[in-house]
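The chains referred to below are lettered A, B, ... by the order of the sequence lines, with proteins before strands, and numbering in each begins at 1. Everything numeric here is computed off the predicted structure, so don't read it as measured data.
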There are 2 protein chains.
Amino acid sequence: MPNGQYFKRWNVKFRYIRVMLSKKTKYGLKALTYLARVEGKEPVQIAEIAKQENISQKFLESILLTLRRNGFLGSKKGKGGGYYLIKEPKDIPMTTVMRVLEGPIAMVPCVSLNFYEKCDDCPDEATCSVHKLMLQVRDSALEVYRDNTLADLL
Amino acid sequence: MPNGQYFKRWNVKFRYIRVMLSKKTKYGLKALTYLARVEGKEPVQIAEIAKQENISQKFLESILLTLRRNGFLGSKKGKGGGYYLIKEPKDIPMTTVMRVLEGPIAMVPCVSLNFYEKCDDCPDEATCSVHKLMLQVRDSALEVYRDNTLADLL
DNA sequence: GAAAATCCTAGTAAATTGATAGGATAATAA
DNA sequence: TTATTATCCTATCAATTTACTAGGATTTTC
(Lines give C-alpha, C1' and ligand atoms only; values in the text may rest on other atoms or scores of the structure.)
Protein backbone atom coordinates (compact mmCIF):
# COMPACT_ATOMS: atom_id res chain seq x y z
CA MET A 1 0.00 0.00 0.00
CA PRO A 2 1.31 3.41 -0.89
CA ASN A 3 3.09 5.43 1.69
CA GLY A 4 2.60 2.99 4.49
CA GLN A 5 -0.41 5.00 5.48
CA TYR A 6 -3.37 3.12 6.75
CA PHE A 7 -6.75 4.23 7.64
CA LYS A 8 -8.86 3.36 10.61
CA ARG A 9 -12.18 4.88 9.83
CA TRP A 10 -13.66 2.16 7.68
CA ASN A 11 -12.17 -0.06 10.31
CA VAL A 12 -9.20 -1.67 8.65
CA LYS A 13 -7.09 -2.22 5.60
CA PHE A 14 -7.84 1.00 3.79
CA ARG A 15 -5.22 3.25 2.47
CA TYR A 16 -5.26 6.91 2.89
CA ILE A 17 -8.67 8.31 2.08
CA ARG A 18 -10.63 11.50 2.47
CA VAL A 19 -13.57 11.48 0.16
CA MET A 20 -16.03 9.58 2.22
CA LEU A 21 -19.37 9.96 3.84
CA SER A 22 -19.49 11.00 7.49
CA LYS A 23 -21.40 8.93 10.01
CA LYS A 24 -23.51 11.98 10.62
CA THR A 25 -24.84 11.96 7.09
CA LYS A 26 -25.12 8.21 7.01
CA TYR A 27 -27.14 8.14 10.21
CA GLY A 28 -29.19 11.11 9.12
CA LEU A 29 -30.14 9.39 5.89
CA LYS A 30 -31.02 6.20 7.71
CA ALA A 31 -33.20 8.09 10.14
CA LEU A 32 -35.02 9.91 7.36
CA THR A 33 -35.59 6.63 5.58
CA TYR A 34 -36.86 5.05 8.77
CA LEU A 35 -39.35 7.86 9.29
CA ALA A 36 -40.44 7.69 5.68
CA ARG A 37 -41.16 3.98 5.96
CA VAL A 38 -43.28 4.34 9.10
CA GLU A 39 -46.99 4.12 8.52
CA GLY A 40 -48.93 7.32 9.19
CA LYS A 41 -47.51 10.49 10.63
CA GLU A 42 -47.22 9.48 14.25
CA PRO A 43 -44.07 10.77 15.94
CA VAL A 44 -41.30 8.21 16.29
CA GLN A 45 -38.96 8.37 19.25
CA ILE A 46 -35.22 8.80 18.94
CA ALA A 47 -34.71 5.69 21.02
CA GLU A 48 -36.65 3.56 18.59
CA ILE A 49 -34.74 4.75 15.53
CA ALA A 50 -31.43 4.47 17.33
CA LYS A 51 -32.13 0.91 18.33
CA GLN A 52 -33.47 -0.27 15.00
CA GLU A 53 -30.68 1.35 13.01
CA ASN A 54 -27.81 0.63 15.41
CA ILE A 55 -26.99 4.24 16.05
CA SER A 56 -25.76 5.86 19.24
CA GLN A 57 -28.83 7.52 20.68
CA LYS A 58 -27.15 10.70 21.83
CA PHE A 59 -25.41 11.18 18.53
CA LEU A 60 -28.63 10.59 16.65
CA GLU A 61 -30.32 13.11 18.91
CA SER A 62 -28.03 15.86 17.66
CA ILE A 63 -28.49 14.81 14.05
CA LEU A 64 -32.27 14.84 14.27
CA LEU A 65 -32.05 18.26 15.87
CA THR A 66 -30.14 19.51 12.85
CA LEU A 67 -32.70 18.00 10.52
CA ARG A 68 -35.51 19.63 12.42
CA ARG A 69 -33.82 23.02 12.43
CA ASN A 70 -33.38 22.75 8.71
CA GLY A 71 -36.99 22.07 7.98
CA PHE A 72 -36.99 18.35 7.34
CA LEU A 73 -38.57 17.16 10.55
CA GLY A 74 -41.17 18.21 13.05
CA SER A 75 -41.05 17.16 16.66
CA LYS A 76 -43.25 16.68 19.65
CA LYS A 77 -42.14 16.60 23.26
CA GLY A 78 -43.36 14.51 26.13
CA LYS A 79 -45.06 11.15 26.18
CA GLY A 80 -45.99 9.94 22.71
CA GLY A 81 -43.63 12.51 21.29
CA GLY A 82 -40.85 12.08 18.80
CA TYR A 83 -39.92 13.13 15.29
CA TYR A 84 -41.85 13.00 12.05
CA LEU A 85 -41.39 14.09 8.46
CA ILE A 86 -43.06 17.36 7.58
CA LYS A 87 -42.89 16.82 3.84
CA GLU A 88 -43.68 14.00 1.53
CA PRO A 89 -40.61 11.81 0.83
CA LYS A 90 -40.96 12.59 -2.87
CA ASP A 91 -40.52 16.27 -2.04
CA ILE A 92 -37.22 15.80 -0.26
CA PRO A 93 -34.40 15.84 -2.80
CA MET A 94 -31.04 14.45 -1.80
CA THR A 95 -29.35 17.70 -2.79
CA THR A 96 -30.83 19.48 0.18
CA VAL A 97 -30.23 16.59 2.56
CA MET A 98 -26.59 16.30 1.55
CA ARG A 99 -25.97 20.03 1.74
CA VAL A 100 -27.40 20.24 5.24
CA LEU A 101 -25.78 17.13 6.66
CA GLU A 102 -22.54 16.89 4.74
CA GLY A 103 -21.98 20.37 3.38
CA PRO A 104 -21.22 21.55 -0.15
CA ILE A 105 -21.43 18.93 -2.84
CA ALA A 106 -18.37 20.27 -4.61
CA MET A 107 -15.03 18.83 -3.59
CA VAL A 108 -13.20 22.12 -3.95
CA PRO A 109 -14.55 25.58 -3.16
CA CYS A 110 -13.76 26.95 -6.61
CA VAL A 111 -16.42 24.75 -8.21
CA SER A 112 -19.05 25.13 -5.50
CA LEU A 113 -22.40 26.50 -6.60
CA ASN A 114 -23.58 27.62 -3.19
CA PHE A 115 -20.26 28.21 -1.48
CA TYR A 116 -17.96 29.45 -4.17
CA GLU A 117 -14.56 30.62 -3.05
CA LYS A 118 -11.45 31.26 -5.09
CA CYS A 119 -8.55 28.95 -4.25
CA ASP A 120 -5.80 31.14 -2.90
CA ASP A 121 -3.01 29.05 -4.36
CA CYS A 122 -4.42 28.99 -7.87
CA PRO A 123 -3.88 32.01 -10.14
CA ASP A 124 -6.18 30.95 -12.95
CA GLU A 125 -9.21 28.69 -12.80
CA ALA A 126 -9.49 28.54 -16.58
CA THR A 127 -6.23 26.63 -16.89
CA CYS A 128 -6.40 24.69 -13.62
CA SER A 129 -6.58 20.95 -14.14
CA VAL A 130 -8.04 20.34 -10.71
CA HIS A 131 -10.79 22.83 -11.41
CA LYS A 132 -11.57 21.18 -14.72
CA LEU A 133 -11.82 17.72 -13.23
CA MET A 134 -13.69 18.68 -10.11
CA LEU A 135 -16.27 20.59 -12.11
CA GLN A 136 -17.21 17.37 -13.84
CA VAL A 137 -17.26 15.45 -10.59
CA ARG A 138 -19.53 18.04 -9.03
CA ASP A 139 -21.92 17.95 -11.97
CA SER A 140 -22.17 14.20 -11.94
CA ALA A 141 -22.76 14.05 -8.21
CA LEU A 142 -25.30 16.81 -8.44
CA GLU A 143 -27.17 14.90 -11.10
CA VAL A 144 -27.45 11.88 -8.85
CA TYR A 145 -28.60 13.91 -5.86
CA ARG A 146 -31.13 15.77 -7.99
CA ASP A 147 -32.49 12.57 -9.41
CA ASN A 148 -33.07 11.02 -6.03
CA THR A 149 -35.65 12.04 -3.51
CA LEU A 150 -36.17 10.31 -0.21
CA ALA A 151 -38.99 8.38 -1.85
CA ASP A 152 -36.56 6.89 -4.36
CA LEU A 153 -34.48 5.37 -1.59
CA LEU A 154 -37.26 3.41 0.07
CA MET B 1 -25.54 28.08 9.32
CA PRO B 2 -26.66 24.79 10.76
CA ASN B 3 -25.31 23.64 14.04
CA GLY B 4 -23.01 26.60 14.51
CA GLN B 5 -20.28 24.47 13.03
CA TYR B 6 -17.81 26.22 10.86
CA PHE B 7 -15.03 24.90 8.81
CA LYS B 8 -11.54 26.21 8.54
CA ARG B 9 -10.08 24.17 5.76
CA TRP B 10 -11.43 26.02 2.78
CA ASN B 11 -10.45 29.02 4.81
CA VAL B 12 -13.71 30.50 6.02
CA LYS B 13 -17.45 30.55 5.98
CA PHE B 14 -18.08 26.94 5.18
CA ARG B 15 -20.35 24.80 7.14
CA TYR B 16 -19.54 21.38 8.21
CA ILE B 17 -18.13 19.45 5.32
CA ARG B 18 -16.34 16.19 4.70
CA VAL B 19 -16.56 15.27 1.11
CA MET B 20 -13.71 17.27 -0.21
CA LEU B 21 -10.44 16.88 -1.98
CA SER B 22 -7.29 16.73 0.12
CA LYS B 23 -4.43 19.10 -0.56
CA LYS B 24 -2.33 16.05 -1.22
CA THR B 25 -4.44 15.04 -4.20
CA LYS B 26 -4.84 18.60 -5.36
CA TYR B 27 -1.09 19.19 -5.33
CA GLY B 28 -0.42 15.82 -6.86
CA LEU B 29 -2.73 16.57 -9.76
CA LYS B 30 -1.17 19.97 -10.26
CA ALA B 31 2.29 18.46 -10.31
CA LEU B 32 1.30 15.81 -12.82
CA THR B 33 -0.24 18.47 -15.01
CA TYR B 34 2.85 20.61 -14.71
CA LEU B 35 5.06 17.72 -15.80
CA ALA B 36 2.75 16.87 -18.67
CA ARG B 37 2.89 20.42 -19.97
CA VAL B 38 6.67 20.58 -19.94
CA GLU B 39 8.31 20.20 -23.32
CA GLY B 40 10.37 17.04 -23.79
CA LYS B 41 11.10 14.50 -21.11
CA GLU B 42 13.78 16.38 -19.18
CA PRO B 43 13.52 15.94 -15.40
CA VAL B 44 11.91 18.84 -13.58
CA GLN B 45 13.00 19.68 -10.07
CA ILE B 46 10.67 19.66 -7.12
CA ALA B 47 11.67 23.22 -6.33
CA GLU B 48 10.51 24.46 -9.70
CA ILE B 49 7.11 22.80 -9.48
CA ALA B 50 6.64 23.92 -5.89
CA LYS B 51 7.40 27.50 -6.78
CA GLN B 52 5.30 27.66 -9.93
CA GLU B 53 2.31 25.96 -8.33
CA ASN B 54 2.53 27.59 -4.90
CA ILE B 55 3.05 24.37 -3.04
CA SER B 56 5.14 23.74 0.06
CA GLN B 57 8.28 22.12 -1.28
CA LYS B 58 8.66 19.55 1.47
CA PHE B 59 5.05 18.51 1.23
CA LEU B 60 5.30 18.22 -2.52
CA GLU B 61 8.42 16.12 -2.08
CA SER B 62 6.46 13.47 -0.23
CA ILE B 63 3.66 13.54 -2.78
CA LEU B 64 6.01 13.09 -5.73
CA LEU B 65 7.61 10.22 -3.87
CA THR B 66 4.24 8.53 -3.62
CA LEU B 67 3.61 9.09 -7.31
CA ARG B 68 6.96 7.62 -8.19
CA ARG B 69 6.47 4.59 -5.98
CA ASN B 70 3.15 4.00 -7.68
CA GLY B 71 4.53 4.02 -11.17
CA PHE B 72 3.51 7.44 -12.39
CA LEU B 73 6.87 9.16 -12.26
CA GLY B 74 10.52 8.45 -12.80
CA SER B 75 13.24 10.36 -11.03
CA LYS B 76 16.86 11.27 -11.36
CA LYS B 77 19.15 12.38 -8.56
CA GLY B 78 21.91 14.96 -8.54
CA LYS B 79 22.43 17.99 -10.72
CA GLY B 80 20.03 18.14 -13.61
CA GLY B 81 17.88 15.65 -11.80
CA GLY B 82 14.20 15.80 -10.95
CA TYR B 83 10.97 14.04 -11.82
CA TYR B 84 9.42 13.13 -15.14
CA LEU B 85 6.38 11.25 -16.39
CA ILE B 86 7.04 7.69 -17.43
CA LYS B 87 3.83 7.32 -19.40
CA GLU B 88 2.03 9.40 -21.96
CA PRO B 89 -0.56 11.69 -20.35
CA LYS B 90 -3.26 10.02 -22.43
CA ASP B 91 -2.35 6.72 -20.76
CA ILE B 92 -2.85 8.03 -17.23
CA PRO B 93 -6.53 7.72 -16.29
CA MET B 94 -7.82 9.70 -13.36
CA THR B 95 -9.16 6.56 -11.73
CA THR B 96 -5.66 5.38 -10.92
CA VAL B 97 -4.46 8.81 -9.87
CA MET B 98 -7.38 9.29 -7.53
CA ARG B 99 -7.10 5.84 -6.04
CA VAL B 100 -3.43 6.32 -5.27
CA LEU B 101 -3.60 9.85 -3.93
CA GLU B 102 -7.04 10.03 -2.40
CA GLY B 103 -8.00 6.41 -1.83
CA PRO B 104 -11.15 4.52 -2.80
CA ILE B 105 -13.57 6.37 -5.03
CA ALA B 106 -16.58 5.04 -3.17
CA MET B 107 -17.86 7.09 -0.26
CA VAL B 108 -18.76 4.08 1.82
CA PRO B 109 -16.92 0.76 1.99
CA CYS B 110 -20.00 -1.28 1.13
CA VAL B 111 -20.04 0.10 -2.42
CA SER B 112 -16.30 0.08 -3.01
CA LEU B 113 -15.10 -1.95 -5.98
CA ASN B 114 -11.52 -2.36 -4.84
CA PHE B 115 -11.95 -2.12 -1.09
CA TYR B 116 -15.31 -3.64 -0.36
CA GLU B 117 -16.20 -4.06 3.27
CA LYS B 118 -19.54 -4.76 4.87
CA CYS B 119 -20.81 -1.98 7.09
CA ASP B 120 -21.02 -3.41 10.58
CA ASP B 121 -24.03 -1.36 11.57
CA CYS B 122 -26.08 -2.33 8.54
CA PRO B 123 -27.87 -5.70 8.51
CA ASP B 124 -28.98 -5.67 4.88
CA GLU B 125 -27.41 -3.85 1.97
CA ALA B 126 -30.32 -4.63 -0.30
CA THR B 127 -32.68 -2.45 1.69
CA CYS B 128 -30.17 0.16 2.82
CA SER B 129 -30.97 3.62 1.50
CA VAL B 130 -27.42 4.83 2.00
CA HIS B 131 -26.11 1.91 -0.02
CA LYS B 132 -28.56 2.60 -2.80
CA LEU B 133 -27.65 6.26 -3.04
CA MET B 134 -23.91 5.85 -2.68
CA LEU B 135 -23.83 3.19 -5.37
CA GLN B 136 -25.12 5.74 -7.83
CA VAL B 137 -22.68 8.37 -6.60
CA ARG B 138 -19.79 5.97 -7.00
CA ASP B 139 -20.83 5.04 -10.51
CA SER B 140 -21.15 8.62 -11.62
CA ALA B 141 -17.79 9.59 -10.15
CA LEU B 142 -16.17 6.56 -11.67
CA GLU B 143 -17.53 7.52 -15.05
CA VAL B 144 -15.92 10.93 -14.81
CA TYR B 145 -12.58 9.55 -13.66
CA ARG B 146 -12.63 6.93 -16.41
CA ASP B 147 -13.41 9.50 -19.04
CA ASN B 148 -10.53 11.73 -18.08
CA THR B 149 -6.87 11.03 -18.61
CA LEU B 150 -4.14 13.43 -17.67
CA ALA B 151 -4.11 14.55 -21.29
CA ASP B 152 -7.72 15.68 -21.01
CA LEU B 153 -6.88 18.07 -18.22
CA LEU B 154 -4.21 20.03 -20.05
C1' DG C 1 -46.69 16.61 39.89
C1' DA C 2 -44.40 12.68 37.99
C1' DA C 3 -42.93 10.70 33.91
C1' DA C 4 -41.54 10.92 29.22
C1' DA C 5 -39.79 12.87 25.68
C1' DT C 6 -37.18 16.49 23.12
C1' DC C 7 -33.98 20.58 23.51
C1' DC C 8 -29.45 22.50 24.06
C1' DT C 9 -24.61 23.62 25.21
C1' DA C 10 -20.37 22.00 26.15
C1' DG C 11 -16.74 18.84 26.36
C1' DT C 12 -13.51 14.96 24.79
C1' DA C 13 -10.39 11.19 23.01
C1' DA C 14 -8.79 9.50 18.94
C1' DA C 15 -7.81 10.13 14.25
C1' DT C 16 -6.41 12.88 10.35
C1' DT C 17 -4.32 16.57 7.80
C1' DG C 18 -0.85 19.31 6.14
C1' DA C 19 2.98 20.17 6.99
C1' DT C 20 8.33 20.44 8.76
C1' DA C 21 13.05 18.56 10.33
C1' DG C 22 17.04 16.50 9.40
C1' DG C 23 19.84 13.76 7.53
C1' DA C 24 21.12 9.57 3.98
C1' DT C 25 22.02 8.56 -0.66
C1' DA C 26 23.18 9.12 -5.41
C1' DA C 27 24.67 11.67 -9.54
C1' DT C 28 27.16 15.22 -11.65
C1' DA C 29 30.83 18.66 -12.17
C1' DA C 30 35.02 20.95 -10.60
C1' DT D 1 38.69 13.39 -5.30
C1' DT D 2 35.63 16.49 -3.47
C1' DA D 3 31.92 19.74 -3.55
C1' DT D 4 27.49 20.49 -5.02
C1' DT D 5 22.99 19.33 -6.20
C1' DA D 6 19.15 16.89 -6.04
C1' DT D 7 16.20 13.09 -4.58
C1' DC D 8 15.21 9.62 -0.79
C1' DC D 9 13.36 8.48 3.66
C1' DT D 10 11.71 8.38 8.45
C1' DA D 11 9.95 10.72 12.14
C1' DT D 12 7.61 14.25 14.31
C1' DC D 13 4.06 17.97 15.11
C1' DA D 14 0.20 21.40 15.84
C1' DA D 15 -4.25 22.30 14.44
C1' DT D 16 -8.48 20.52 13.03
C1' DT D 17 -12.15 17.25 12.66
C1' DT D 18 -14.92 13.34 13.90
C1' DA D 19 -17.92 10.80 16.48
C1' DC D 20 -19.31 10.71 20.28
C1' DT D 21 -20.86 11.57 25.59
C1' DA D 22 -22.49 14.39 29.74
C1' DG D 23 -25.79 16.64 31.97
C1' DG D 24 -29.19 19.15 32.63
C1' DA D 25 -33.41 22.50 30.86
C1' DT D 26 -37.78 22.48 28.84
C1' DT D 27 -42.23 20.96 27.36
C1' DT D 28 -46.13 17.78 27.09
C1' DT D 29 -48.97 14.14 28.66
C1' DC D 30 -51.01 11.30 32.09
Nearest-Å distance, [atom1] ([X]) to [atom2] ([N])?
X	N	atom1	atom2	result
A:Leu67	C:dT6	CG	P	14 Å
A:Met20	C:dT16	CE	P	9 Å
A:Glu42	D:dT29	CD	P	12 Å
B:Tyr27	C:dT17	OH	P	14 Å
B:Lys26	C:dT17	NZ	P	16 Å
A:Leu65	D:dC20	CG	C1'	15 Å
A:Gln45	D:dT28	CD	P	16 Å
B:Glu102	C:dT16	CD	P	13 Å

Under 4.0 Å: is that the gap between some side-chain N or O of [X] and OP1 or OP2 of [N]?
X	N	answer
B:Ser22	C:dT16	no
B:Arg69	D:dC9	yes
B:Arg68	D:dC9	yes

Heavy-atom contacts, protein to nucleotides 20-30 of chain C, under 4.0 Å, summarised as B (base), S (sugar-phosphate only) or - (none) per nt, yield BBBB-BSBSS-
Could you check whether any side-chain heavy atom of [X] comes within less than 4.5 Å of a side-chain heavy atom of [Y], counting everything from C-beta outward?
X	Y	value
B:Tyr145	B:Arg99	no
A:Ile105	A:Asn114	no
A:Val130	B:Thr25	no

Margin query: For B:Arg146, is there an ion pair with B:Glu143 - N to carboxylate O distance below 4.0 angstrom?
Written below: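 Salt bridge between B:Glu143 and B:Arg146, a charged N being under 4.0 Å from a carboxylate O: no.
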Is the closest basic N to carboxylate O distance between A:Asp121 and B:Lys30 below 4.0 Å?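 Counted as a salt bridge, because a side-chain N and a carboxylate O are separated by less than 4.0 Å.
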message: Main chain of B:Thr149, side chain of B:Asp152: is a donor-acceptor contact present, judged purely on distance under 3.5 Å?
response: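 It does hold such a pair.
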Requested in this report: Check for a donor-acceptor pair, side chain of A:Lys118 on one end and backbone N or O of A:Cys122 on the other, with a separation under 3.5 Å.
Outcome: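 Side chain of A:Lys118 to backbone of A:Cys122, a donor-acceptor pair under 3.5 Å: yes, one is there.
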How is B:Leu64 classified with respect to the nucleic acid when contacts are heavy atoms under 4.0 Å: base, sugar-phosphate, or nothing?
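The residue B:Leu64 makes no contact with any strand.
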